Trainee: 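Just dropping this structure here.
Excluded from the calculations below are hydrogen atoms, water molecules and symmetry mates; all remaining heavy atoms, backbone and side chain alike, are included. Owing to the predicted nature of the structure, the values given are computational and were not obtained by experimental measurement.
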Amino acid sequence: APVFHARGLSKTYVMGDVEVHALRSVDLDIFEREFVVLLGPSGSGKSTLLNILGGLDAPTSGEANWRDHNLVGADDAELTRYRREHVGFVFQFYNLIPSLTVLENVALVTEIASHPLNARDALALVGLEHRLDHFPSQLSGGEQQRVAVARAIVKSPDVLLCDEPTGALDYETGKVVLAAIVRANQQLGTTTVIITHNAAISGMADRVLRLGGGRIVGEERNPRRLSPD
Ligand code: ADP
Ligand code: ADP
């Protein structure tokens, strides 16, 4: 059975007398341990889909379930609990706490998660075991984003959602960050959905979904998925 199941999923934003159809009747299943990439032009609905999956945004109509959680009609408290217990996020900007060290930034999450990993193990997985006592300002952008990846995976989320995680990085640095995300998916089995334009991702994903105008307009499966290293 899929972990995420959506049928006829739609999201309409109403602004005054203008309606924006961000998602138009999307059908989608995502399976456990899958690594899925969302591609498509700006405005095609990628972030909207990711935000619905992550309980940041509620759909307008249709069905959307994460396992036995119904994401349609859930109230804010339910969505907050869903996000906290099940979802890890990585955004374009790292949002690390500047006054805390790398280890402290990640360890903070282990105090509130119900079944966290060890913070040092999460940092080792992203290749930062030698930066534990540094402050964010002492790290490169790519290293800061790898801390953000460690912070997202340390709570052992059911799903890791990444929205343009390499958007502020150059291609080569972005590639290292993507490799860390792929490694987390392969070693921890974390189901992962990522929006990225970095071409290094091709070959590393199980499936690429192409969005256009709020619809899924293409799907490619990768029979021979590559290892990140
Ligand atoms: P993408 O991530 O592919 O760039 P988005 O999901 O961000 O696309 O946006 C899809 C469409 O929905 C766009 O037309 C965008 O302008 C619109 N949209 C997204 N968020 C909002 C919002 N909060 N209010 C109004 N319109 C929005
Ligand atoms: P975009 O790609 O559309 O510029 P972001 O990727 O920064 O936007 O954010 C996508 C969504 O996630 C937005 O609705 C934003 O409010 C929310 N968001 C961004 N950063 C965080 C965060 N650190 N924690 C929770 N929600 C966030």
Trainee: Are Thr48 and Tyr13 close enough that some pair of their side-chain heavy atoms sits under 4.5 Å apart?
Mentor: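 In contact.
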Trainee: Which atoms form the tightest heavy-atom contact between Leu169 and Pro165, and what is the distance?
Mentor: CD1-O, 4.1 Å
Trainee: Between Asn185 (side chain only) and Arg33 (backbone N and O only), is there a donor and an acceptor less than 3.5 Å apart?
Mentor: yes
Trainee: Just checking Arg84: does its CZ atom have more than 12 heavy atoms from other residues, nucleotides or ligands closer to it than 6.0 angstrom?
Mentor: no
Trainee: Identify the two heavy atoms, one from Arg67 and one from Glu32, that lie closest to each other, and give their separation to 0.1 Å.
Mentor: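 Closest approach of Arg67 to Glu32: NH2-OE2, 3.3 Å.
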Trainee: Do Leu53 and Ile216 land in one hydrophobic cluster if side-chain heavy atoms of ILVMFWY residues count as linked below 4.5 Å?
Mentor: yes
Trainee: Looking at Asn65 and Asp68, would you say the former's side chain and the latter's main chain have a donor-acceptor pair under 3.5 Å?
Mentor: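 Checking the backbone N and O of Asp68 against the side chain of Asn65, no donor-acceptor pair under 3.5 Å is found.
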Trainee: Tell me whether Arg207 at atom CZ has more than 12 heavy atoms from other residues, nucleotides or ligands lying less than 6.0 Å away.
Mentor: yes
Trainee: Applying side chain to side chain contact (heavy atoms under 4.5 Å, CB included) to Leu128 and Glu143, what does each step give before you reach the verdict?
Mentor: CA-CA 8 Å; Leu128 287 179; Glu143 288 173 326; 4.0 Å; yes
Trainee: Start with the C-alpha gap between Thr166 and Gln145, add the side-chain angles, then the distance that decides, and say whether side chain to side chain contact (heavy atoms under 4.5 Å, CB included) holds.
Mentor: CA-CA 8 Å; Thr166 67; Gln145 188 62 305; over 6 Å; no
Trainee: In terms of relative ring orientation, are Phe91 and Phe89 parallel, tilted or perpendicular, with 30° and 60° separating the classes?
Mentor: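 The arrangement is parallel - the two ring planes meet at less than 30°.
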Trainee: Measure the shortest side-chain to side-chain distance between Leu123 and Arg131 over non-hydrogen atoms and say whether it is less than 4.5 angstrom.
Mentor: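 Sidechains of Arg131 and Leu123: no contact.
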Trainee: Heavy-atom count check: over 12 atoms from other residues, nucleotides or ligands less than 6.0 Å from Asp76 CG?
Mentor: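 No, not enclosed.
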Trainee: To the nearest 0.5 Å, what is the distance between NZ on Lys46 and CG on Asn51?
Mentor: 12.0 Å
Trainee: For a quick test of reading the model, state the closest non-hydrogen atom pair linking Ser10 to Ser25 and the distance between them.
Mentor: OG-N, 2.9 Å
Trainee: Tell me, with the steps shown, if Cys162 and Thr196 meet side chain to side chain contact (heavy atoms under 4.5 Å, CB included).
Mentor: CA-CA 8 Å; Cys162 308; Thr196 181; over 6 Å; no
Trainee: Distance-only, no hydrogens or angles: does the Arg24 side chain make a donor-acceptor pair with backbone N or O of Gly214 under 3.5 Å?
Mentor: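 Checked: no pair found.
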Trainee: Measuring only between side-chain heavy atoms, which start at C-beta, is Arg7 closer than 4.5 Å to Asp29?
Mentor: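 They are in contact (side-chain heavy atoms under 4.5 Å apart), so the answer is yes.
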Trainee: How many angstroms lie between CG in Leu125 and CG in Asn118, if you round to the nearest 0.5 Å?
Mentor: 11.5 Å
Trainee: Under 6.0 Å from the six-membered ring centre of Tyr171 and within 45° of its axis: does the NZ or CZ of Lys175 meet both?
Mentor: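 Relative to the ring axis of Tyr171, which defines the angle, Lys175 lies outside at least one limit.
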Trainee: Are Val102 and Val90 in one and the same hydrophobic cluster, where Ile, Leu, Val, Met, Phe, Trp and Tyr link if side-chain heavy atoms are under 4.5 Å apart?
Mentor: yes
Trainee: Find the distance between CG (Leu108) and CG (Leu96) and round it off to the nearest 0.5 Å.
Mentor: 11.0 Å
Trainee: So which atom in Thr173 and which in Gly142 form the shortest heavy-atom distance, rounded to 0.1 Å?
Mentor: CG2-CA, 3.4 Å
Trainee: Can you see which heavy atom on Val72 is nearest to which on Pro59, and at what distance?
Mentor: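 Taking Val72 first and Pro59 second, the nearest heavy atoms are CG2-CG, 3.7 Å.
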Trainee: Side chains of Leu49 and Val193: closer than 4.5 Å at any heavy-atom pair?
Mentor: no
Trainee: Indicate if Val26 and Leu211 have the same hydrophobic cluster label, given that clusters are the connected sets of ILVMFWY residues with side-chain heavy-atom separations under 4.5 angstrom.
Mentor: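 In one cluster: yes.
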Trainee: Between Val87 and Leu56, is any pair of side-chain heavy atoms under 4.5 Å apart?
Mentor: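 SC-SC contact between Val87 and Leu56 ruled out.
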Trainee: Roughly how far apart are Lys155 NZ and Ser114 OG, rounded to 0.5 Å?
Mentor: 9.0 Å
Trainee: Hey, is the main chain of His115 close enough, under 3.5 Å, to the side chain of Ser156 for a donor-acceptor pair?
Mentor: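 Yes; judged by distance alone, with no hydrogens or angles, the pair exists.
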Trainee: Where do Val36 and Ile30 come nearest, in terms of heavy atoms and distance?
Mentor: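 Shortest heavy-atom contact: CG2-CG2, 4.4 Å.
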Trainee: Measuring from Glu164:CD to Phe93:CZ, what's the distance to the nearest 0.5 Å?
Mentor: 10.0 Å
Trainee: Using 0.5 Å steps for rounding, measure from the NE2 atom of His21 to the OG1 atom of Thr60.
Mentor: 9.5 Å
Trainee: Please tell me whether Ile52 and Val37 are part of a single hydrophobic cluster in this structure, the criterion being side-chain heavy atoms less than 4.5 Å apart.
Mentor: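 No.
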Trainee: Test side chain to side chain contact (heavy atoms under 4.5 Å, CB included) on Phe35 and Asn222 and set out the steps.
Mentor: CA-CA 10 Å; Phe35 193 105; Asn222 185 355; over 6 Å; no
Trainee: Is the shortest heavy-atom distance from the side chain of Ile181 to the side chain of Ile201 under 4.5 Å?
Mentor: no
Trainee: Taking side chain as C-beta onward, heavy atoms only, is Asp158 less than 4.5 Å from Phe4?
Mentor: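 Contact flag for Asp158/Phe4 side chains = no.
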Trainee: Compare all side-chain heavy atoms of Ile153 with those of Leu188 and state whether any distance is below 4.5 angstrom.
Mentor: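 Of all side-chain heavy-atom pairs linking Leu188 with Ile153, at least one is under 4.5 Å.
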Trainee: In terms of heavy-atom contacts, does CZ of Arg210 have more than 12 from other residues, nucleotides or ligands at under 6.0 Å?
Mentor: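 Check fails, neighbour count at 12 or below.
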Trainee: Grouping I, L, V, M, F, W and Y whenever their side-chain heavy atoms are under 4.5 Å apart, do Leu9 and Val3 come out in a common cluster?
Mentor: yes
